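Proteins come first, then strands; the chains are lettered A, B, ... in the order of their sequence lines, and each starts at number 1. Quick caveat, the model's predicted, so the values are computed rather than measured. We use all heavy atoms of the structure for the numbers below, so side chains are in, but hydrogens, waters and symmetry mates are not.
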Amino acid sequence: MDIFKVVGLGLAAATLAVFVKGWKPEIAIGISLAASAIIFIAVMPYLKSVIAMIQNLSEQVGIEGRYIRIVLKVSGIAYIAQFGAELCRDAGETSVASKIEFAGKLMIMALSMPLVYKLLEIVNDIIHFG
Amino acid sequence: MGGVDLIFKVAAIGILVAVLNQLLVRSGREDQAMLTTLAGLVVVLFMVIDQISLLFETIKSVFDL
C-alpha cells in the first residue's frame, strides 16, 4: 500500500527536519520542501484517476467541458497556493504566506468570473421570460 | 518512491554544514563559517529545485492550468 510509504516518508522527514532545525533552520526548510514535493508527486496518479472519472461523469451527464475545466483549474490553483503558503508559514514567514493566499484567491476569483457572468445572464433571461 | 534518498541527502548536508560551522567558529573563522552555511544552503536548494519543478509540471498537466 502506498499510504504506508507516504506516512513513513513523512515521519522520517519530520524527524530529520526537527533534528536539523536545532542547528540549521534554513536547511530544515529544504527538507520539508523536498518531503512535501515528493509526497505531492506520489499521490498524483490517484488524483489523475479521480479527475478522469469526474470528466467522464460530466460528459455522460452533459455538462459543458469548459465549466468542468474551470473547476479543475480552480482546485489546482488552490492546491498550489496552499502548498506554498503552508511552507512559508512553517518557515515563520506569515506575511509572505498570507500574500500567497491572497494571490491564489484573486486568481480563483478572476477565473470564476465568467461563470458568475453566465449565471447572471441566466437569471436575467428567466426574469425577462416571465 | 525513490524520494527518501533526497531527504536523507538534504539532512546529511544539514548535519555536515552544522558540524563544519561549529569547527570553523571554534577556530575563530566566523566569515568562513558563514560562507560554509551559504554554500550548504545553495546546494540544498539546487537539489530540491528539481523536485519542485517536477511538482509544478505535474500539477500543470493534471489540472491543465
Query raised in the report: Can you say whether the rings of B:F63 and A:Y79 are parallel (under 30°), tilted (30 to 60°) or perpendicular (over 60°)?
Result: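 Answer is tilted, since the angle falls between 30° and 60°.
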Go through the atoms of [X] and report whether side chain, backbone, both or neither lie under 4.5 Å from a heavy atom of chain B.
{"X": "A:K24", "result": "side chain"}
{"X": "A:S36", "result": "neither"}
{"X": "A:I51", "result": "side chain"}

Query raised in the report: Tell me, side chain or backbone of B:V44 under 4.5 Å from chain A's heavy atoms, or both, or neither?
Result: side chain
Requested in this report: Tell me, yes or no, whether the heavy-atom count around B:F8 atom CZ, taken from other residues, nucleotides or ligands under 6.0 Å, exceeds 12.
Outcome: no
**Report entry** Atom CG of B:L23 with >12 non-hydrogen neighbours under 6.0 angstrom
**Finding:**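 Enclosed: over 12 neighbouring heavy atoms sit under 6.0 Å from CG of B:L23.
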Report summary line: Among A:I77, A:I31, A:V20, A:I29, the residue with the most heavy-atom pairs under 4.5 Å to chain B is A:I31
Query raised in the report: Given the rule in the salt bridge (charged side-chain N to carboxylate O under 4.0 Å, His left out) test, do A:K99 and A:E93 qualify, once you have shown the distances and angles that lead to the verdict?
Result: CA-CA 10 Å; A:K99 282 350 167 246; A:E93 292 295 326; over 6 Å; no
Query - Salt bridge present between A:K21 and A:E26 (N-O < 4.0 angstrom) - result: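 No, this pair does not count.
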Query raised in the report: When only pairs under 4.5 Å are counted, which of B:L45, B:V17, B:D50 shares the most heavy-atom pairs with chain A?
Result: B:V17
